[in-house]
Amino acid sequence: MKKFDKNKSLERCKQYRKKILEISQNVSALHIGGAFSSTEILEIIYNYFLNAIEKKLFILSKGHASILQYVILESKKIIKPKALKLYCKKGGTLGVHAEITTKGINASTGSLGHGLGIAAGFALAENKSNVFIVISDGELQEGSTWEAIMLIPSLKLNNVVLIVDNNNLQSSTKATDTHPTLYPIDKKFKSFGWDSRTCNGHSSEEIYDKIKNRDKSKPFALIAKTIKGFPISFMKNEPKWHYRSPNEYEYKLALKEIEN
């Protein structure tokens, strides 16, 4: 495990977001809000916790944020810049949701509620390696997710490391409004036998520390409190950024905010 470097993490997150903004100028919709809320989470997982084996055991169940995963895979030379460039073109090789046909993608995701069950299978088959998975809080509204939450501790799959991107905003509604009894999420996980904690999902240091210091005698669930569209002022908590890309003026404003 690499030693945490705050400055490097901050710089990587900045570069990931800038690349996504660049791509957005050629794609009408790429789920930019949800990708930005997950940036620190994926940066920490990819740069500090995945070894050679575990790279094959990471699942982005929040598959509609796949553009962020593609950008990270390209930065690590797992996919070629040409493949990422083709994403911008009609008929490109990369899908809007994560697809297993792309190098570095271990499961096709985007249909809510599937990823955690797949992770359970990975963890059962590869019980000497950690399985990392990121889900959206919207997936906690799916019964199949709760079946996996119940099953994983029952099978003692203590190698599962789950991060919930809890931005509280699905495509157009807030979970606190539509599913208020979902909260407090961490206590729900604890009642099923998980080690569960919460953190600021935009603090790379907090994410790193919580995962590093987890109770390894149980499966681990980190509830990362995030903001959809973070850190762009006019994107934060705005449902429309689940769908649309910024125009040229908004693109320049967003770049300026990221640089500052």
Side-chain angles (χ1 to χ4, degrees), residues 1-20 34-63 65-79 98 103-107 109 115-116 118-119 122-123 126-136 152 157-167 186 189 194-227 230-231 258:
M1 184 190 305
K2 292 182 181 178
K3 184 178 179 181
F4 178 71
D5 187 315
K6 183 176 181 179
N7 290 332
K8 287 184 178 179
S9 284
L10 288 171
E11 182 59 28
R12 279 191 290 259
C13 288
K14 180 189 291 187
Q15 294 305 317
Y16 296 160
R17 288 189 171 102
K18 286 174 66 176
K19 187 68 175 180
I20 290 171
F36 276 16
S37 71
S38 300
T39 301
E40 283 77 14
I41 297 169
L42 263 67
E43 188 279 324
I44 288 295
I45 291 172
Y46 266 102
N47 292 292
Y48 294 100
F49 289 102
L50 296 185
N51 60 34
I53 295 174
E54 288 159 352
K55 284 179 182 176
K56 300 177 182 178
L57 300 176
F58 170 68
I59 298 174
L60 179 63
S61 187
K62 184 184 173 180
S66 61
I67 186 60
L68 171 61
Q69 190 174 23
Y70 297 149
V71 165
I72 294 174
L73 292 174
E74 190 269 339
S75 74
K76 295 187 169 299
K77 305 186 187 307
I78 295 172
I79 63 174
K103 188 175 181 181
I105 304 294
N106 302 313
T109 58
L116 192 54
I118 297 172
F122 279 13
E126 301 286 345
N127 58 15
K128 297 187 184 302
S129 299
N130 291 316
V131 176
F132 289 84
I133 177 168
V134 174
I135 72 172
S136 64
I152 287 168
L157 301 179
N158 303 330
N159 52 332
V160 172
V161 180
L162 165 66
I163 300 90
V164 180
D165 181 359
N166 183 205
N167 62 32
D186 59 329
F189 275 91
W194 293 65
D195 173 26
S196 184
R197 308 178 197 184
T198 61
C199 74
N200 175 355
H202 297 301
S203 169
S204 298
E205 189 168 12
E206 275 194 47
I207 298 168
Y208 175 85
D209 286 341
K210 297 288 186 180
I211 296 175
K212 179 183 177 183
N213 297 310
R214 68 190 185 277
D215 180 355
K216 295 180 182 178
S217 69
K218 298 178 180 180
F220 178 67
L222 179 62
I223 316 305
K225 301 288 187 178
T226 64
I227 300 171
F230 181 90
I258 288 175

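- The CD1 atom of I118 sits 7.5 Å away from atom CD1 of I133, with the distance rounded to the nearest 0.5 Å.
- Residue pairs that meet the side-chain hydrogen bond (donor to acceptor under 3.5 Å, both in side chains) test with at least one member in residues 199-210, sequence neighbours left out, are E40-H202.
- Atom-to-atom distance recorded for F220:CZ and R197:CZ is 5.5 Å, nearest 0.5 angstrom.
- For the pair Y48 and K3, the minimum side-chain heavy-atom distance is 4.5 Å or more.
- Across K212 and F49, no two heavy atoms sit closer than the pair N-CZ, 3.9 Å.
- In terms of heavy-atom proximity, C199 sits nearest to I207 at SG-CG1, 3.9 Å.
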Worksheet item: Hey, mind stepping through R214 and K216 against side-chain contact (heavy atoms from CB on, under 4.5 Å) and telling me if it holds?
Response: CA-CA 6 Å; R214 68 190 185 277; K216 295 180 182 178; 4.2 Å; yes
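- For the residue pair S136/D165, the side-chain donor-acceptor check at 3.5 Å is not satisfied.
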Discussion item. Let's go through F122 and V160 carefully: what are the C-alpha distance in whole Å and the side-chain angles of both, what is the deciding distance for side-chain contact (heavy atoms from CB on, under 4.5 Å) to 0.1 Å, and is it a yes or a no?
Written reply: CA-CA 9 Å; F122 279 13; V160 172; over 6 Å; no
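- Residues L50 and I45 are in side-chain contact: their nearest non-hydrogen atoms beyond the backbone lie under 4.5 Å apart.
- The side-chain heavy atoms of L162 and F189, taken from C-beta on, include a pair separated by under 4.5 Å.
- When atom types are taken as modelled, the side chain of N159 and the backbone of S129 share a donor-acceptor pair closer than 3.5 angstrom.
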Discussion item. Could you go through L222 and I211, starting from their C-alpha distance and side-chain angles, then the distance that decides it, and tell me whether this counts as side-chain contact (heavy atoms from CB on, under 4.5 Å)?
Written reply: CA-CA 8 Å; L222 179 62; I211 296 175; 4.1 Å; yes
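- Side-chain polar atoms of T109 and K62 form no donor-acceptor pair below 3.5 angstrom.
- Just one residue in the list R12, K19, E11 forms a side chain to side chain donor-acceptor pair (under 3.5 Å) with Q15, and that residue is E11.
- Side-chain contact between T39 and F230 is absent, with no heavy-atom pair separated by less than 4.5 Å.
- Between the side chain of D195 and the backbone N or O of D215 there is at least one donor-acceptor pair closer than 3.5 Å.
- Between the side chain of R17 and the backbone N or O of K14 there is no donor-acceptor pair closer than 3.5 Å.
- At distances below 3.5 Å, not a single donor-acceptor pair connects side-chain atoms of S9 with backbone N or O atoms of K6.
- Using a 3.5 Å distance cut-off with no hydrogens or angles, the side chains of D186 and S196 do not pair a donor with an acceptor.
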Worksheet item: Stepwise, does the side-chain contact (heavy atoms from CB on, under 4.5 Å) test hold for I152 with L116?
Response: CA-CA 9 Å; I152 287 168; L116 192 54; 3.8 Å; yes
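- Residues I67 and A35 approach most closely at CG2-CB, 3.9 Å, considering heavy atoms.
- In this view, I72 and Y16, L42, Y46, L68, S75, K76 satisfy the side-chain contact (heavy atoms from CB on, under 4.5 Å) rule, not counting sequence neighbours.
- Separating the CG atom in L60 from the CG atom in N106 is a distance of 10.5 Å, to the nearest 0.5 Å.
- Residues T226 and G201 approach most closely at CG2-CA, 3.7 Å, considering heavy atoms.
- Note that CG of N130 is 8.0 Å distant from CG of N51, once rounded to the nearest 0.5 Å.
- Atom CZ of residue F36 and atom SG of residue C13 lie 11.0 Å apart, to the nearest 0.5 angstrom.
- Residue I78 holds its CD1 atom at 13.5 Å from OH of Y70, rounded to the nearest 0.5 Å.
- No donor-acceptor pair closer than 3.5 Å links the side chain of S61 to the backbone N or O of I135.
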